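Bear in mind the structure is a predicted one, so any value in this text is a computation, not a measurement. For the numbers below, each heavy atom of this structure counts, side chains included, while hydrogens, waters and symmetry mates do not. Residue numbers run from 1 in the order of the sequence given.
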Amino acid sequence: MRAKSTRGRTELGDITVHNLRLLKRLNQVVFPVVYNDKFYKDVLEAGELAKLAYYNDIVVGGVCCRIDESENQKRLYIMTLGCLAPYRRFGIGTKMLEHVLNFAKAEKLDGVFLHVQIDNEGAMNFYKKFGFEIISKKENYYKRIEPAAAYVLQKKLKHPSKTISK
């Protein structure tokens, strides 16, 4: 049964030096991967590409992205997008993902992609609802967790052609 979003207020907020430790703690709880100091240093400079999710003023989630220019494409790479387990199914992940998708569309990026551990069915189903597709599988992607393989999921973005002239 899906929880109603009327139960609380969800807002996204900037990541600053003052709340960075909340993101670190959140990531330790949500993800089986440890992120290094460079990751967090980059997040501080990411602007709209890194947000904390607040549910009734409590930090319950976070999303961190970067622009990736490879394979002749300019895409948004979702490094992390996670929410504390008790707050899942409240629309918080959706709000974070919609934020990054809107950013990618506004910047006219070619698409959005991320890695998902191959046995993480919850994440796979979540992203598929938004039109993400598996484009490849990376063996031994994760160093210290099992299974070590990850799927690469991608959502291509279409941009209306600019035919209107003044």
Side-chain angles (χ1 to χ4, degrees), residues 1-5 7-8 10-13 15 23-24 26-35 39-40 42-43 46-55 59-160:
M1 191 168 113
R2 190 160 174 88
K4 288 187 168 57
S5 59
R7 292 177 53 184
T10 303
E11 298 171 313
L12 299 183
I15 296 172
L23 176 68
K24 284 183 181 181
L26 178 89
N27 284 350
Q28 288 170 348
V29 172
V30 174
F31 301 110
V33 178
V34 176
Y35 295 94
F39 173 90
Y40 291 105
D42 292 345
V43 162
E48 289 300 305
L49 295 178
K51 293 288 183 184
L52 285 173
Y54 294 86
Y55 184 77
V59 173
V60 298
V63 58
C64 302
C65 307
R66 64 176 157 79
I67 305 288
D68 178 84
E69 294 186 53
S70 61
E71 301 170 21
N72 296 321
Q73 296 183 79
K74 191 171 181 182
R75 300 179 295 172
L76 187 76
Y77 177 64
I78 299 174
M79 299 182 291
T80 63
L81 189 153
C83 181
L84 295 173
Y87 296 91
R88 291 181 190 152
R89 298 199 141 328
F90 286 17
I92 297 161
T94 296
K95 187 159 190 139
M96 291 187 289
L97 185 57
E98 286 173 346
H99 172 78
V100 297
L101 290 174
N102 289 336
F103 177 90
K105 287 174 188 164
E107 294 294 314
K108 297 191 175 6
L109 301 180
D110 298 311
V112 178
F113 75 110
L114 69 148
H115 292 86
V116 174
Q117 194 174 15
I118 59 167
D119 67 348
N120 188 341
E121 288 182 31
M124 300 286 286
N125 293 333
F126 174 75
Y127 288 107
K128 284 180 179 177
K129 281 193 306 194
F130 290 91
F132 282 77
E133 298 174 320
I134 296 171
I135 58 168
S136 66
K137 181 179 176 183
K138 301 264 189 201
E139 297 294 342
N140 303 312
Y141 178 74
Y142 297 104
K143 304 282 184 268
R144 295 178 190 90
I145 56 174
E146 287 295 327
Y151 288 122
V152 179
L153 275 67
Q154 177 175 274
K155 178 181 175 77
K156 289 188 178 177
L157 299 177
K158 296 175 185 71
H159 303 289

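A heavy-atom distance below 4.5 Å is found between the side chains of Thr94 and Phe130. Here the side chains of Val63 and Leu97 are not in contact, with every heavy-atom distance at 4.5 Å or above. In this structure the side chain of Val60 never reaches within 4.5 angstrom of the side chain of Thr10, judged on heavy atoms. Proximity of Ile134 to Lys128: side-chain heavy atoms (C-beta onward) are separated by under 4.5 Å at one or more points. A heavy-atom distance below 4.5 Å is not found between the side chains of Cys83 and Tyr55.
Each of Tyr127, Tyr151, Tyr77, Tyr142 was evaluated against His115; a single residue qualifies, Tyr77, per the ring-ring contact (aromatic ring centres under 6.0 Å, His included) test.
A distance of 5.5 Å separates OG of Ser70 from CZ of Phe113, quoted to the nearest 0.5 Å. Considering CG of Leu49 and CZ of Phe103, their distance stands at 4.0 Å, rounded to 0.5 Å. Within the model, atoms CD of Gln154 and CD1 of Ile78 stand 11.0 Å from one another, a figure rounded to the nearest 0.5 Å. Atom CG in Leu81 sits 8.5 Å away from atom CG in Leu114 (nearest 0.5 Å). Atom NZ of residue Lys155 and atom CD1 of residue Ile135 lie 13.5 Å apart, to the nearest 0.5 angstrom. In this structure, NE2 on His99 lies 7.5 Å from SG on Cys65, to the nearest 0.5 angstrom.
For Glu11, the CD atom sits in a packed shell: over 12 heavy atoms of surrounding residues, nucleotides or ligands are nearer than 6.0 Å.
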